[in-house]
2 protein chains.
Amino acid sequence: MFVLDKKEGIPFYVKIREALRAEIEGGNLKRGQKLPSEEELANQYGVSRMTVRQGIADLIDEGLVYRRHGVGTFVAFPHVERDHSRLTNFFETASKEGISVQARLLDLEVSPARQRIAKALDIAEGDLIIRIKTLRYADDVPVTLHEAYVPHVLFVKLLEEDLETQHLWTLYERYGYRVKRAVQKLEAREADHELAVLLQIEEGAPILFKERVIYAEDGTPVEFTYCYNRGDRYSLTVTLER
Amino acid sequence: MFVLDKKEGIPFYVKIREALRAEIEGGNLKRGQKLPSEEELANQYGVSRMTVRQGIADLIDEGLVYRRHGVGTFVAFPHVERDHSRLTNFFETASKEGISVQARLLDLEVSPARQRIAKALDIAEGDLIIRIKTLRYADDVPVTLHEAYVPHVLFVKLLEEDLETQHLWTLYERYGYRVKRAVQKLEAREADHELAVLLQIEEGAPILFKERVIYAEDGTPVEFTYCYNRGDRYSLTVTLER
DNA sequence: GATATCTAGACGTATAGACGTCTAGATTCT
DNA sequence: AGAATCTAGACGTCTATACGTCTAGATATC
């Protein structure tokens, strides 16, 4: 049995998971409907119950099904925005929605890190950082002032790149850091004079302020960003799980 | 062995998970450091390897540790705000930070659902909903105007409950709906006259506006909420993964 | 010295069985 | 009829074992 598995190179639990997913997404199993019991599935696929459970566990993580102790496993409601908790960037999101995107580089400099930034990036105060200030347009309307700080030591060559057309994240990857996680703080603020001018809004207009740290796969902080978004042109959707 | 477990009522894998968490948070195991192998842990705690794996799996989900196939299990970067992608409510968050919380019920009524709300709650336009409007205080300062809509049919008895001292979520659970997921949209807005009065701020002051749908475990939408937060007193932190 | 191979250790997948606990519905008793 | 109890079925926890696969470092080879 085990050898058969290896021949195809796909673990049983993955096969079962995908089989169940297909049943659900294909509509054979509808919202709220009970899956066969773990015991039944085990017999049906000729595997042990633990293996079935492992497959189902993945589907639970995805929110596709849920278990009720003593009752059974059921298909969950397939709500559209299941994956809005995923980290995406401005360019990805906008282009997926058919919005044209541009960036204008306002400022680019290397300087010593202030305390706040050094702490966020886990470097020493005074270590060199690259500061990248861009103004971002959606359909030719200025929407976001973006101020990113990255450790100079990680990305020395970054200064030679074209920062208007390439997204920072793809550059990070080129230097070996794959973006994995972002922790971001959101606030509502008022536009000051500079913002008002840049974003072509009134002074005091609402701004969705976002402060975030981006981490690579291994936990290295690669970017600290202040992001000022026009309140009337920008909203953010996230999904949270309990 | 198994009976011992039951005597204390806590599964082994939970004990092991918490023991490891304590080691990590207590600083005995530092960032990047290798945990004892699963084998070793199994011996150490007198359980089987699968049980250890189950405990570790939870910590991986939390992002506290990560596994490397063929190498070992390691402590991940302990970034402070790790669990901010978890869904929590106002009361939980605030009380964890030692802030006193109060709610004042402003309005409670049953009415037919408007189109926007019906769609979000997956009910028919005109179906009855309960509208619960509360003003929430943190340390006696009004911070949030909270306007929740719940399907009347799900929670008929809700009207008899004390909505100022009990949190809605605990009430949902009492009626058999466990809160699982929230999809929320965030925007920056200006305070209108009503908000300005209620939140004791200037008209036009920035508001962090949050619109969200809360889903139960089985995917049923149980609550649709408009949430107006004082920009100067409220910020929201989320973690996103790629 | 550089390269290829081997190997120990660690995680990955899987089994078959056992007992615990919970839920809903059936049964029994009042 | 209503309440208390019982029970079958389903998920929850756990074991002891086995073999697969991967990684890093040691060893051997060129």
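In what follows, chains carry the letters A, B, and so on, assigned in the order in which the sequence lines appear, proteins first and then strands, with residues in each chain numbered from 1. All figures in this text were calculated on a predicted structure; none of them were measured in a lab.
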Identify each donor-acceptor pair in which a side-chain atom of residues 105-112 of chain B lies under 3.5 Å from a protein atom, sequence neighbours left out, and give them as a table.
{"residue": "D107(B)", "atom": "OD2", "partner": "R131(B)", "partner atom": "NH1", "Å": "2.7"}
{"residue": "E109(B)", "atom": "OE2", "partner": "R131(B)", "partner atom": "NH1", "Å": "3.3"}

query = Does any pair with a residue in residues 33-47 of chain B pass salt bridge (charged side-chain N to carboxylate O under 4.0 Å, His left out), and if so which ones, sequence neighbours excluded?
reply =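 Pairs touching residues 33-47 of chain B that pass the test: E38(B)-R49(B), E38(B)-R53(B), E38(B)-R67(B).
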query = Quick one: do E211(B) and R116(B) make a salt bridge, cutoff under 4.0 Å?
reply =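 Yes, charged N to carboxylate O under 4.0 Å.
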Rounded interatomic separation in angstrom, taking [atom1] from [X] and [atom2] from [N]:
X      : N       : atom1 : atom2 : value
F12(A) : dC19(D) : CZ    : P     : 16 Å
I10(B) : dG20(C) : CD1   : P     : 18 Å
R67(A) : dT23(C) : CZ    : P     : 15 Å

key: Contacts of Y13(A) that satisfy ring pair (Phe, Tyr, Trp, His ring centres under 6.0 Å) - sequence neighbours left out   =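 Here no residue qualifies.
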request  = Using ring pair (Phe, Tyr, Trp, His ring centres under 6.0 Å) as the criterion, list what pairs up with Y149(B), not counting sequence neighbours.
outcome  =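 Testing Y149(B) for ring pair (Phe, Tyr, Trp, His ring centres under 6.0 Å), a comparison that skips the adjacent residues, returns none.
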query = Is any side-chain N or O of R49(B) closer than 4.0 Å to OP1 or OP2 of dT15(D)?
reply =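 Looking at the OP1 and OP2 atoms of dT15(D), neither is under 4.0 Å from any side-chain N or O of R49(B).
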Can you tell me which nucleotide in [options] comes closest to the side chain of [X]?
X      : options                   : result
H69(B) : dC11(C), dT13(C), dT13(D) : dC11(C)
R53(B) : dT13(C), dT13(D), dT15(C) : dT13(C)
V47(B) : dC11(D), dT13(C), dT15(D) : dT15(D)
P11(B) : dT13(D), dT13(C), dT23(C) : dT13(D)

Sequence neighbours excluded and cut-off under 3.5 Å, please list the side-chain donor-acceptor pairs for residues 121-129 of chain A, or say none.
{"residue": "D122(A)", "atom": "OD2", "partner": "R31(B)", "partner atom": "NH1", "Å": "3.4"}
{"residue": "D127(A)", "atom": "OD2", "partner": "A124(A)", "partner atom": "N", "Å": "3.1"}

request  = Name the nucleic acid region contacted by R68(B), choosing base, sugar-phosphate or nothing; use a 4.0 angstrom heavy-atom cut-off, strictly under.
outcome  =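 Sugar-phosphate, no base atom in range.
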Upstream residue (5' side of DNA chain C) when V52(A) and G70(B) are each assigned their closest nucleotide =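 Its nearest nucleotide lies further toward 5', so the answer is G70(B).
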query = Does anything in residues 33-42 of chain B reach DNA chain D, meaning a heavy atom under 4.0 Å, and if so which residues?
reply =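 Residues of residues 33-42 of chain B that come under 4.0 Å of DNA chain D do not exist, since none gets that close.
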